> 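Please see the structure below; I have some questions.
Nothing here was measured: the structure is a model prediction, and the numbers come from that model.
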Amino acid sequence: MGNNSIPKTMKALVLPEPGKFEVREVAVPEPADGEVLCRIRAVAICGSDPEIIRGDLAGFWPPFYPFIPGHEWAGEVVALGKGVHTFKVGDRVAGQAHKGCGYCRRCMEGSYNICENYGKPETGHRHYGFTHNGAYAQFNAYSIRSLTLLPSHISFKEGALVDTSGVVMHGMELTGITAGGTVVVIGPGPIGLIAMRMAKALGASKVIAVGRRDRLKVAKELCADEAVDFEKTNPIEAVKALTNGLGADEVFECSGAAGTMLQAVYMVRRGGKVGLLGVPEGKVADPIPTRYVVSNEISIYGSKANPNVSPKIVNLVATGNLKLKDLVSHTFPLEQFAEALDTFVSRKGCALKVVLEPNGKE
Ligand SMILES: [Zn+2]
Ligand SMILES: [Zn+2]
């Protein structure tokens with residue numbers, strides 16, 4: 001590897017078994033062919049991480065223990081594996097979690113987020129932080145397919161939200177955004193807040209946030225033109241009232257809660273589009289009013305992860321068209337992971353994105 005500054009061991013957040021975690025010293029991985037070793041400078045806690053750490057999906061996410069989670073990250077390239085020509089040591093990069101096998105039909109079509117060989121490491125498939133060790137560590141080796149160059153004026157903290165923001169952009173690429181139109185975002189968590197800003201960046205003229213309590217307040221302050229509190233008012237009627245009785249052009253469900261898909265269907269206009277970005281629990285099964293959907297030509301898009309969007313996100317952030325900086329509410333060193341996780345899960349201090357810095361501050 002030829003770089004003396006890379007230590008043999010590193011600090012990492014390790015899940016030794018379902019429901020347990022600890023920061024311990026482990027070996028620094030070596031980059032294989034087509035991979036580079038990265039120093040992780042910032043890694044954001046995702047809504048899916050607490051579920052993985054609790055062990056709710058043990059056997060699938062993660063498929064083995066001990067395991068290192070974490071997938072929303074940015075850092076710098078410190079060593080190159082064989083056959084790497086497009087990155088060099090010192091490059092600043094943002095990561096993305098999915099790397100497809102590259103040769104199944106879905107991957108060939110560019111939909112590597114739904115690779116037919118998902119979860120089969122022997123095919124070359126990787127889902128970093130879910131089925132393969134991730135970024136809650138000082139270093140990790142990544143396929144060059146999962147990296148996007150980050151210009152020097154974008155901080156690592158913002159870079160850690162490139163994966164997160166890509167989830168939003170992919171959903172909006174599926175539905176399209178009506179130029180000059182109205183977008184509703186249900187669920188003003190981090191994904192929802194990014195969705196409100198992204199909708200504007202992609203041409204929407206009005207954004208309505210549907211939520212409640214502190215986070216709805218934050219949405220109104222930071223991102224939304226109108227705020228609808230579903231605890232105080234019927235959100236479908238409120239959206240209709242704000243759109244001359246017609247409904248919104250697009251609605252994005254970002255909460256994963258039960259019942260919200262149905263609300264979204266009734267919030268869009270005739271010919272409107274619903275994007276499902278929130279990941280519901282397995283037991284959630286909203287009924288679809290089939291006749292209403294058919295008669296009104298309503299389209300519903302399931303949207304998973306963030307294929308082929310990271311460079312576009314980086315460009316939007318670089319040009320100031322997508323602001324991410326103020327969505328990072330807290331930062332912690334990796335050693336304080338327990339406190340960071342608690343801050344995120346309990347939404348302490350109105351926490352939005354909570355970022356770990358395993359190699360110190362930038
Ligand atoms: Zn995530
Ligand atoms: Zn594939």
Side-chain angles (χ1 to χ4, degrees), residues 1-13 23 25-46 68-99 126 128-129 132-166 306 309-318 322 324-325 327-328 331-337 340 353-362:
M1 305 200 329
N3 187 329
N4 295 328
S5 68
I6 301 164
K8 290 256 180 298
T9 65
M10 63 177 185
K11 283 190 219 78
L13 178 86
V23 177
E25 205 72 13
V26 300
V28 173
E30 298 249 353
D33 294 5
E35 291 184 345
V36 297
L37 184 69
C38 297
R39 182 183 285 125
I40 311 295
R41 297 298 306 270
V43 48
I45 301 181
C46 175
I68 302 171
H71 63 276
E72 299 181 4
W73 70 275
E76 52 214 353
V77 173
V78 294
L80 310 180
K82 279 198 193 109
V84 173
H85 308 289
T86 49
F87 288 92
K88 59 184 191 307
V89 169
D91 279 346
R92 298 161 60 89
V93 290
Q96 60 172 294
H98 283 268
K99 184 242 165 195
R126 299 282 183 272
Y128 296 106
H132 200 81
N133 278 343
Y136 289 130
Q138 290 186 294
F139 298 90
N140 197 18
Y142 286 96
S143 165
I144 55 170
R145 294 186 188 212
S146 304
L147 303 177
T148 303
L149 280 174
L150 207 56
S152 58
H153 71 283
I154 299 183
S155 67
F156 291 120
K157 269 185 285 192
E158 293 166 281
L161 303 193
V162 168
D163 182 286
T164 333
S165 307
N306 48 346
V309 291
S310 291
K312 298 182 229 180
I313 301 290
V314 169
N315 289 342
L316 286 179
V317 178
L322 180 66
L324 297 175
K325 202 171 255 174
L327 302 182
V328 176
T331 56
F332 291 93
L334 187 63
E335 292 86 342
Q336 290 175 30
F337 185 81
K353 285 306 262 189
V354 175
V355 166
L356 282 303
E357 294 172 308
N359 285 288
K361 292 206 168 289
E362 184 169 359

> Determine whether L147 and C38 make a side-chain contact, defined as any pair of heavy atoms from C-beta on separated by less than 4.5 Å.
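The answer is yes, as the side chains (C-beta and beyond) meet within the 4.5 Å cut-off.
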> What is the minimum heavy-atom distance between Q96 and S310, and which atoms define it?
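Shortest heavy-atom contact: NE2-OG, 3.7 Å.
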> NZ of K361 to OG1 of T331: how many Å apart, nearest 0.5 Å?
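Going from NZ on K361 over to OG1 on T331, the span is 3.0 Å.
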> Specify the closest pair of heavy atoms between E35 and V84, including all atoms of both residues, with the distance to one decimal.
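Minimum heavy-atom contact is O-CG2, 3.4 Å.
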> CD1 of I313 to CG of L324: how many Å apart, nearest 0.5 Å?
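That separation rounds to 8.0 Å.
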> Is any side-chain heavy atom of N133 less than 4.5 Å from a side-chain heavy atom of P29?
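Side chain of N133 against side chain of P29, heavy atoms only: no contact under 4.5 Å found.
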> Do you know which two heavy atoms are closest between H71 and V43, and how far apart they sit?
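Shortest heavy-atom separation between H71 and V43 comes out as N-CG2, 4.4 Å.
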> Take S5 and R39, measure what side chain to side chain contact (heavy atoms under 4.5 Å, CB included) needs, and give me the verdict at the end.
CA-CA 11 Å; S5 68; R39 182 183 285 125; 4.1 Å; yes
> Can you check whether I154 reaches V314 side chain to side chain, under 4.5 Å on heavy atoms?
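Yes, side chains in contact.
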> Taking all atoms of both residues into account, what is the closest heavy-atom pair of P358 and A135, and its distance?
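Shortest heavy-atom separation between P358 and A135 comes out as CG-O, 4.5 Å.
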> Flag the pair L37 / V28 as yes when at least one side-chain heavy-atom distance between them is below 4.5 Å, and no otherwise.
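Yes - at least one pair of side-chain heavy atoms lies under 4.5 Å apart.
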> Using the test ring pair (Phe, Tyr, Trp, His ring centres under 6.0 Å), find all partners of Y142 that sit at least two apart in sequence or belong to another chain.
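Y142 satisfies ring pair (Phe, Tyr, Trp, His ring centres under 6.0 Å) with W73, Y128 once adjacent residues are dropped.
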> Can you tell me how far apart NE2 (H132) and CZ (R126) are? Round to the nearest 0.5 Å.
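Atom-to-atom, H132:NE2 and R126:CZ are 4.5 Å apart.
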> Going by the rule side-chain contact (heavy atoms from CB on, under 4.5 Å), which residues pair with A137 if we only count those two or more places apart in sequence or in a different chain?
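If we apply the side-chain contact (heavy atoms from CB on, under 4.5 Å) test to A137, skipping adjacent residues, the hits are M10, A12, I68.
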> For a 4.5 angstrom cut-off between non-hydrogen side-chain atoms, does L13 reach V23?
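Yes, at least one pair of side-chain atoms sits under 4.5 Å.
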> Give a yes or no on whether a salt bridge exists between R92 and E362, defined as a side-chain N under 4.0 angstrom from a carboxylate O.
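Answer for the salt bridge query: yes.
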> Kindly give the heavy-atom pair with the smallest separation between G95 and D163, and that separation in Å.
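Smallest heavy-atom distance, with atoms named: O-CB, 3.8 Å.
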> When rounded to the nearest 0.5 angstrom, what distance separates CG in L322 from CG in N315?
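Nearest 0.5 Å value for the CG-CG distance: 11.5 Å.
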> Using side-chain heavy atoms (C-beta onward) and a distance below 4.5 Å, is E25 in contact with K11?
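When only atoms from C-beta onward are counted, K11 and E25 do touch, with a gap below 4.5 Å.
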> Kindly check if the number of other-residue, nucleotide or ligand heavy atoms within 6.0 Å of NE2 (H153) is above 12?
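Enclosed: over 12 neighbouring heavy atoms sit under 6.0 Å from NE2 of H153.
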> If you round to the nearest 0.5 Å, how far is CD of E72 from NZ of K353?
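Atom-to-atom, K353:NZ and E72:CD are 3.5 Å apart.
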> So, taking the atom named NZ in K312 and the one named CG in N306, what distance separates them when rounded to the nearest 0.5 Å?
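One finds 11.5 Å between NZ of K312 and CG of N306.
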> Does any part of the side chain of Y136, heavy atoms only, come nearer than 4.5 Å to the side chain of I40, both counted from C-beta?
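Result no, sub-4.5 Å side-chain heavy-atom pair not found.
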> Would you call E76-R41 a salt bridge at under 4.0 Å N-O?
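Judged by the 4.0 Å cut-off on N to carboxylate O distance, E76 and R41 do form a salt bridge.
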> Looking at every non-hydrogen atom in both residues, tell me the closest pair between A42 and A160 and how far apart they are.
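That would be O-CB, 3.8 Å.
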